[in-house]
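Atom set for the values below is all heavy atoms of this structure, side chains included, hydrogens, waters and symmetry mates excluded. This structure is a prediction, so every number in the text was calculated from the model and none was measured.
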There are 2 protein chains.
Amino acid sequence: MSTVLPTNRVDTIERLKSAGVTPTQQRVEIAQLLFARHQHVSAEQVLAMANAHSSVVSKATVYNTLGLFASKGLLREVIVDPTKVFYDSNTSEHHHFYNVDSGELMDIQGESVQLADLPELPAGTQAEGVDVIIRIKQTPNS
Amino acid sequence: MSTVLPTNRVDTIERLKSAGVTPTQQRVEIAQLLFARHQHVSAEQVLAMANAHSSVVSKATVYNTLGLFASKGLLREVIVDPTKVFYDSNTSEHHHFYNVDSGELMDIQGESVQLADLPELPAGTQAEGVDVIIRIKQTPNS
DNA sequence: GAGTAAATTAGACAAAGTCTAGAAATTCAC
DNA sequence: GTGAATTTCTAGACTTTGTCTAATTTACTC
């Protein structure tokens with residue numbers, strides 16, 4: 001169930017190739033950051049992480065790369081915050097808690113949420129995916 | 001189940017008052033447009049609809065009003081498009097199809113989607129709502 | 001109707017993301 | 001290797017959605 005987490009550059013490059021992505025220096029850099037562990041990050045965060053020490057990737061490349069990775073199934077886009085897109089490095093099927101107070105996004109573990117079954121889709125369409133988001137908020141301490 | 005659809009100004013004003021919203025001219029104008037039928041609209045669309053003939057509402061007021069209506073439960077925010085927020089004038093509990101090709105948002109009728117039950121929430125939080133979005137795409141005609 | 005609070009407004013501003021045109025890598029043929 | 005073609009990367013201009021500010025207008029209370 002859980003996605004394999006490569007730890008070294010060689011594994012990362014192999015994973016990119018398997019997904020049909022040419023492993024350029026910038027892409028490997030970003031992939032290393034993202035695939036190190038399951039996390040939810042915005043483009044801005046990736047840009048900051050990648051360039052923390054020295055400048056290695058441009059803004060345009062971060063956006064291009066995240067979009068490319070998502071289209072190849074290496075990342076999952078999560079749309080819950082009206083101001084920015086989150087990218088989830090856990091691509092296995094799962095759903096999310098979204099804390100509307102803190103803006104924090106969390107995976108819902110395991111199979112604890114299941115849809116009975118899909119409703120009939122509009123004619124001429126097919127399902128691409130199902131997102132379940134449980135919006136939560138801080139319980140006001142009485 | 002279905003939300004009552006007021007047809008005249010008096011009903012609209014009454015509905016705003018019941019929700020604790022002072023019925024100003026601009027708010028009634030926007031409410032009339034939105035509550036006429038179940039629909040999914042963006043702020044930009046509301047602005048265009050309201051000012052189609054003569055200028056009656058400013059951009060800032062449209063944003064303020066939609067936010068206010070949503071906070072009072074008169075509208076439901078739907079976050080599926082990374083570029084803009086949709087407001088749904090159907091506030092009864094239901095879920096959505098989102099056509100990623102056309103950007104179209106559709107209600108899923110009735111109780112055809114049900115969650116078994118909610119997973120355990122993170123400590124100190126409570127559920128605010130559950131969004132289920134089935135992303136669909138055009139079936140490529142073979 | 002005067003005073004106060006709430007609502008509206010134009011337009012400046014902010015932030016996420018896209019686009020463009022050129023520079024740098026990479027690939028391939030020879 | 002050398003040069004041509006292709007892909008990728010880049011800085012920075014640009015677009016779009018949405019927010020903020022400061023001033024004006026409206027509405028409500030006495």
Original post:
When you check the phosphate oxygens OP1 and OP2 of C:dT8, does a side-chain N or O of B:Ser58 lie under 4.0 Å from one of them?
Top reply: no

Original post:
Can you name the residues that form a side-chain contact (heavy atoms from CB on, under 4.5 Å) with A:Ser71, not counting sequence neighbours?
Top reply: A:Leu68

Subject >> Counterpart residues, ring-ring contact (aromatic ring centres under 6.0 Å, His included), relative to A:His96 (two or more places apart) >> reply: A:His40, A:His94

Original post:
Linking Ile, Leu, Val, Met, Phe, Trp and Tyr through side-chain heavy atoms less than 4.5 Å apart, which residues share a cluster with A:Val10?
Top reply: none

Subject >> All side chain to side chain donor-acceptor pair (under 3.5 Å) counterparts of B:Thr125, not counting sequence neighbours >> reply: none

Original post:
Which ones in residues 47-57 of chain B lie close to DNA chain C, meaning a heavy atom under 4.0 Å from one of its atoms?
Top reply: B:Val56, B:Val57

**OP:** Sugar-phosphate means primed atoms, P, OP1 and OP2; the rest is base. With that split, encode nucleotides 16-30 of chain D 5' to 3' as B, S or - using protein heavy atoms under 4.0 Å.
**Re:** -SBBB----------

**OP:** Could you tell me which residues satisfy side-chain contact (heavy atoms from CB on, under 4.5 Å) with B:Asn51, sequence neighbours excluded, listed by chain and number?
**Re:** B:Leu47, B:Ser55, B:Val56, B:Val57

Original post:
Expressed in angstrom and rounded to an integer, what is the separation of A:Arg27 atom CZ from D:dT10 atom P?
Top reply: 11 Å

Subject >> d(CG, A:Leu66; C1', D:dC9) in whole Å >> reply: 15 Å

Subject >> A:Glu29 CD - C:dA25 P separation (whole Å) >> reply: 16 Å

Subject >> d(CG, A:Leu68; P, D:dT8) in whole Å >> reply: 8 Å

Subject >> Which atom of A:Glu77 lies closest to which atom of A:Ala70, heavy atoms considered >> reply: CG-CB, 4.1 Å

Counting only pairs under 3.5 Å, give me each side-chain donor-acceptor contact of residues 128-138 of chain A, with atom names and distances, residues two or more places apart or in other chains.
unit_1	atom_1	unit_2	atom_2	d
A:Glu128	OE1	B:Arg135	NH1	2.9
A:Asp131	OD1	A:Arg76	NH2	3.2
A:Asp131	OD1	B:Arg135	NH2	3.1
A:Asp131	OD2	B:Arg135	NE	3.0
A:Arg135	NE	B:Asp131	OD2	3.0
A:Arg135	NH1	B:Glu128	OE1	3.0
A:Arg135	NH2	B:Asp131	OD1	3.1
A:Gln138	OE1	A:Asn99	ND2	3.2

Which atom pairs, donor and acceptor, lie under 3.5 Å between side-chain atoms of residues 22-31 of chain A and protein residues at least two apart or in another chain?
unit_1	atom_1	unit_2	atom_2	d
A:Thr24	OG1	A:Arg27	N	3.3
A:Arg27	NH1	A:Thr22	O	2.9
A:Glu29	OE1	A:Arg9	NH2	2.9

